[in-house]
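Quick notes on the structure that follows.
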Amino acid sequence: QVQLVESGGGLVQAGGSLRLSCAGSGRIFSSYVMGWFRQAPGRERELVAAVDWNGSSTVYADSVKGRFAISRDNAKNTVYLQMNGLKPEDTAAYYCAVGWIRFGTPSGRDNDYSDWGQGTQVTVSS
């Protein structure tokens, strides 16, 4: 059974930082894209960042470029999202996901991901 467990969310003041982690089990993750998505109330889920299987290629939402950084540790089946300079508009539930295409290219398409975590809440106060 595939499991993705996110952690690291919480309440932070604007300008602060958080580091999200997502630990996976139940399948091989090292050959697949891993990504972070977020969904705020009343809004559609959107890509935050994604990374290819060895960390050599990444994509970011324009709204987080220069503030967030995605990384992965294949030995630990874990993907991270370092979030700096947080803004109130970053408030959302954050989900990690794993792709199903071996050695795929990072993307923001939901259909490119086969397994999803339960989410961790990030709240940024002004």
Side-chain angles (χ1 to χ4, degrees):
Q1 181 180 359
V2 177
Q3 270 196 315
L4 295 169
V5 180
E6 300 100 335
S7 61
L11 173 64
V12 64
Q13 288 189 331
S17 298
L18 285 174
R19 189 192 194 206
L20 305 184
S21 299
C22 172
S25 62
R27 61 170 277 194
I28 296 174
F29 295 94
S30 58
S31 302
Y32 299 88
V33 170
M34 299 186 78
W36 287 96
F37 290 73
R38 67 185 180 187
Q39 187 169 22
R43 301 189 66 175
E44 291 188 355
R45 184 166 62 191
E46 62 175 358
L47 173 75
V48 178
V51 60
D52 72 348
W53 69 279
N54 67 353
S56 64
S57 178
T58 57
V59 293
Y60 291 92
D62 287 344
S63 59
V64 307
K65 283 180 181 176
R67 299 188 298 124
F68 292 9
I70 189 170
S71 61
R72 64 189 296 163
D73 184 340
N74 285 339
K76 297 181 178 179
N77 276 350
T78 300
V79 64
Y80 305 97
L81 185 68
Q82 178 66 43
M83 305 186 295
N84 300 324
L86 283 160
K87 304 176 180 180
E89 51 263 44
D90 294 318
T91 295
Y94 283 70
Y95 301 88
C96 71
V98 182
W100 60 270
I101 302 171
R102 196 157 181 245
F103 303 124
T105 300
S107 83
R109 296 183 296 270
D110 279 14
N111 288 345
D112 287 347
Y113 298 85
S114 57
D115 297 291
W116 297 79
Q118 293 298 307
T120 184
Q121 179 67 33
V122 172
T123 303
V124 184
S125 63
S126 57

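This chain uses plain numbering: 1 for the first residue, then up along the sequence. Here the structure is a predicted model, which means the values were calculated and not measured.
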*Give a yes or no answer on whether the side chain of D52 reaches the backbone of G55 with a donor-acceptor pair at less than 3.5 Å.*
yes
_If you compare all heavy atoms of A50 against all heavy atoms of V33, which two are closest, and at what distance to 0.1 Å?_
CB-CG1, 4.2 Å
_Donor-acceptor check, side chain of R67 to backbone of G85, threshold 3.5 angstrom: yes or no?_
yes
_Quick one: does any side-chain atom of T123 pair with a main-chain N or O of L11 as donor and acceptor, under 3.5 Å?_
no
_Residues which pass side chain to side chain donor-acceptor pair (under 3.5 Å) with S17, listed by chain and number, not counting sequence neighbours_ = N84
*If every non-hydrogen atom of W116 is compared with every non-hydrogen atom of A97, which pair is closest and at what distance?*
CE3-CB, 3.6 Å
*Check the hydrophobic clustering (I, L, V, M, F, W, Y; side-chain heavy atoms under 4.5 Å; chains of links allowed) and say if Y60 and M83 are grouped together.*
yes
*Linking I/L/V/M/F/W/Y whenever their side-chain heavy atoms sit closer than 4.5 Å, directly or via other members, would V12 and V48 fall into one cluster?*
yes
*asked:* For P88 versus A14, what's the shortest heavy-atom pair and its separation?
replied: CD-CB, 4.1 Å
_I'd like to know if the side chain of T78 reaches the main chain of K76, judged simply by a donor and an acceptor atom lying under 3.5 Å from each other, with no hydrogens or angles considered._
yes
*Inter-residue atom distance K87.NZ - S63.OG, 0.5 Å rounding*: 8.0 Å
*side-chain contact (heavy atoms from CB on, under 4.5 Å) partner of V79, the single match among L20, L4, I70*: I70
*Please check if L47 and L81 belong to a single hydrophobic cluster, counting links between Ile, Leu, Val, Met, Phe, Trp and Tyr side chain heavy atoms closer than 4.5 Å.*
no
_So that I know where these two stand, are F37 and Y113 an aromatic pair - ring centroids less than 6.0 Å apart?_
yes
*Counting only N and O atoms by type, is there a donor-acceptor contact under 3.5 Å from the side chain of Q3 to the main-chain atoms of S25?*
no
*With no hydrogens and no angle check, is any side-chain donor or acceptor of D115 less than 3.5 Å from a backbone partner on V98?*
no
*Tell me, please, which residues at least two apart from R38 pass salt bridge (Lys or Arg N to Asp or Glu O under 4.0 Å).*
E46, D90
*Non-hydrogen atoms of P106 and V51 that approach each other most closely*: CG-C, 3.8 Å
*Measure the shortest side-chain to side-chain distance between R27 and F29 over non-hydrogen atoms and say whether it is less than 4.5 angstrom.*
yes
*Just wondering, are more than 12 heavy atoms of other shown residues or ligands nearer than 6.0 Å to CD1 in I28?*
no
*Assess the pair W53 and F103: is the distance between their ring centroids shorter than 6.0 Å?*
yes
_Measuring only between side-chain heavy atoms, which start at C-beta, is Y95 closer than 4.5 Å to C22?_
no
*If you measure from OG on S21 to CG on D73, what distance do you get to the nearest 0.5 Å?*
10.5 Å
*Nearest 0.5 Å, what's the OH-CD1 distance between Y32 and I101?*
10.0 Å
*Please work out which of the three classes, parallel, tilted or perpendicular, describes the rings of F68 and Y94, given edges at 30° and 60°.*
tilted
*Without swapping roles, check the side chain of E6 against the backbone of Q118 for a donor-acceptor pair under 3.5 Å.*
yes
*Heavy-atom closest pair, residues T91 and V124*: OG1-N, 2.9 Å
_Using 0.5 Å steps for rounding, measure from the CZ atom of R72 to the OH atom of Y80._
11.5 Å
